[in-house]
Protein chains: 2
Amino acid sequence: MNKKQLIAQLSGSLNLSKADAERTFDTITNTILDALKGDDSVKIAGFGTYKVAKRKARVGRNPRTGEQIQIAASQKVKFLPAKALKEVFNK
Amino acid sequence: MNKKQLIAQLSGSLNLSKADAERTFDTITNTILDALKGDDSVKIAGFGTYKVAKRKARVGRNPRTGEQIQIAASQKVKFLPAKALKEVFNK
DNA sequence: TTACTATATGCAAAAACTGCATACCCATTT
DNA sequence: AAATGGGTATGCAGTTTTTGCATATAGTAA
């Protein structure tokens, strides 16, 4: 499922136009992103937690050439599924 | 940020009551979950992709006793941040 | 208050990460 | 509707990172 299909379905369930459904959806993702930018984590009970994980610089390797490479520190968004979410997929 | 705070903020941005904001939010997460249950992945352009990842069975350990334990195969929801999302946090 | 979530422990094995080329799928534009 | 551009998936190896086990406690949320 891609974003377009998701929006179409939400448009139905929420009784909104597709444009409004998309606006609503974008507002939510942007709110989550803004919170994460503020170095926060976003916990959503029953769904999961979004966290910004800091990754240290380290030595990697180009798998094609085998050559060693210095990898810079970086950050990435991690999603930790809530307990309820795991159970859905393991029962 | 927790769910309550997120809902409060969305209530403002979306010009909805908190109850409606929460209903809207829950509808979205449920829609995503349902899609994932159907063995699908959910791709959201500019945000990321939710996927169900299969995890193999393996040998674990009770950290309290040190005893070895067989861990069954399982599934978990993975979130892969989109390129745009990574850039936000690395610039 | 009741429910969920984080933490903390040791350790084995799975999985992620890196560069990069190709194939592919999606979205936007003409 | 078709074309184009861009993000994303895949595969490769080897090292780093994460995962997840049991369980109690502490903290937070509904």
Side-chain angles (χ1 to χ4, degrees), chain A residues 1-9 18-19 21-22 25-26 29 35 40-90, chain B residues 1-11 18-19 21-23 25-26 29 35 39-90:
Chain A
M1 173 183 276
N2 60 37
K3 186 175 175 184
K4 201 169 205 171
Q5 296 169 315
L6 178 62
I7 295 299
Q9 188 154 348
K18 285 187 186 176
E22 181 158 17
F25 185 79
D26 288 345
T29 56
D40 250 332
S41 64
V42 178
K43 296 183 201 178
I44 298 158
F47 187 66
T49 303
Y50 296 91
K51 271 191 180 178
V52 178
K54 299 181 197 311
R55 312 184 57 78
K56 289 183 184 171
R58 63 197 170 78
V59 177
R61 191 173 290 269
N62 182 335
R64 188 162 295 271
T65 64
E67 184 185 5
Q68 283 205 347
I69 292 161
Q70 181 62 25
I71 301 170
S74 65
Q75 298 189 300
K76 78 169 273 190
V77 176
K78 261 182 56 174
F79 175 72
L80 300 98
K83 189 186 176 187
L85 194 38
K86 292 182 201 168
E87 285 170 358
V88 167
F89 290 95
N90 290 302
Chain B
M1 174 182 277
N2 60 40
K3 185 175 176 183
K4 199 170 204 170
Q5 296 169 316
L6 178 62
I7 296 299
Q9 188 153 348
L10 292 176
S11 165
K18 284 187 187 174
E22 181 159 17
R23 238 185 313 273
F25 185 79
D26 288 344
T29 56
D39 213 26
D40 251 332
S41 63
V42 178
K43 297 183 199 178
I44 297 159
F47 188 66
T49 303
Y50 296 91
K51 267 192 180 179
V52 177
K54 299 181 196 312
R55 310 184 60 81
K56 289 184 183 170
R58 62 198 174 82
V59 176
R61 191 169 294 266
N62 181 336
R64 187 162 297 271
T65 64
E67 182 186 6
Q68 283 205 347
I69 290 160
Q70 181 62 23
I71 302 172
S74 65
Q75 299 189 300
K76 78 170 271 192
V77 177
K78 260 183 52 177
F79 175 73
L80 300 99
K83 189 185 179 189
L85 193 39
K86 292 182 201 168
E87 284 170 359
V88 167
F89 290 95
N90 291 304

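Both backbone and side-chain heavy atoms feed into the values below; hydrogens, waters and symmetry mates do not. Chain A is the first sequence line, chain B the second, and so forth, proteins listed ahead of strands; every chain is numbered from 1. Predicted model, so just to flag it, every value in this text is computed and none were measured.
Not counting sequence neighbours, the partners of B/Arg23 by the side-chain hydrogen bond (donor to acceptor under 3.5 Å, both in side chains) test are B/Asp20. Legend: residues meeting side chain to side chain contact (heavy atoms under 4.5 Å, CB included) with B/Ala73, ordered by chain and number and at least two apart, are B/Ala57. The side chain to side chain contact (heavy atoms under 4.5 Å, CB included) search around B/Ala82 returns none, not counting sequence neighbours. Taking the salt bridge (Lys or Arg N to Asp or Glu O under 4.0 Å) definition, one finds that B/Lys83 meets it with nothing, sequence neighbours left out. Every side-chain hydrogen bond (donor to acceptor under 3.5 Å, both in side chains) that A/Lys3 has, sequence neighbours left out, goes to A/Asp26.
Closest approach of B/Gln70 and B/Val59 over heavy atoms only: OE1-CG2, 3.8 Å.
One finds the NZ atom of A/Lys56 at 14.5 Å from the CD1 atom of A/Ile71 (value rounded to the nearest 0.5 Å). If you take CD1 on A/Ile7 and CG on A/Asn2, they are separated by 10.0 Å, rounding to the nearest 0.5 Å. B/Ile44 CD1 to A/Lys4 NZ: the interatomic distance, rounded to the nearest 0.5 Å, is 15.5 Å. Atom-to-atom distance recorded for A/Met1:CE and A/Leu6:CG is 6.0 Å, nearest 0.5 angstrom.
For the side-chain hydrogen bond (donor to acceptor under 3.5 Å, both in side chains) condition, no pair includes a residue of residues 71-82 of chain B, sequence neighbours left out.
Between the CE atom of B/Met1 and the C1' atom of D/dA30 there is a distance of 17 Å, given to the nearest Å. What separates CD1 of A/Ile69 from P of D/dT15 is a distance of 13 Å, to the nearest Å. In this structure, A/Lys78 atom NZ and D/dG20 atom P are separated by 10 Å, rounded to whole Å. Summarising the geometry, the separation between CD on B/Gln68 and C1' on D/dG20 is reported as 14 Å, rounded to the nearest angstrom. For B/Asn62 and D/dA22, the CG to C1' distance is 4 Å, given to the nearest whole Å.
Side-chain N or O atoms of B/Glu22 include none that pairs as donor or acceptor with a backbone N or O of B/Ala19 at under 3.5 Å.
Protein chain B touches strand DNA chain C; the 5'-most and 3'-most nucleotides with an atom under 4.0 angstrom of its non-hydrogen atoms are C/dT9 to C/dA16.
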Compile the donor-acceptor pairs under 3.5 Å between side chains in residues 45-53 of chain A and protein atoms, sequence neighbours left out, one pair per line.
| unit_1 | atom_1 | unit_2 | atom_2 | d |
| --- | --- | --- | --- | --- |
| A/Tyr50 | OH | B/Tyr50 | OH | 2.1 |

Across nucleotides 2-12 of chain D, 5' to 3', mark each nucleotide with B, S or - according to how protein heavy atoms within less than 4.0 Å reach it.
-----SS--B-
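Axis angle between the ends of the helix from C/dT1-D/dA30 to C/dT30-D/dA1, five pairs each and rounded to 10 degrees, works out to 140°.
Listed by residue number, A/Arg55, A/Arg58, A/Arg61 are the residues of residues 53-61 of chain A with a heavy-atom contact under 4.0 Å to DNA chain C.
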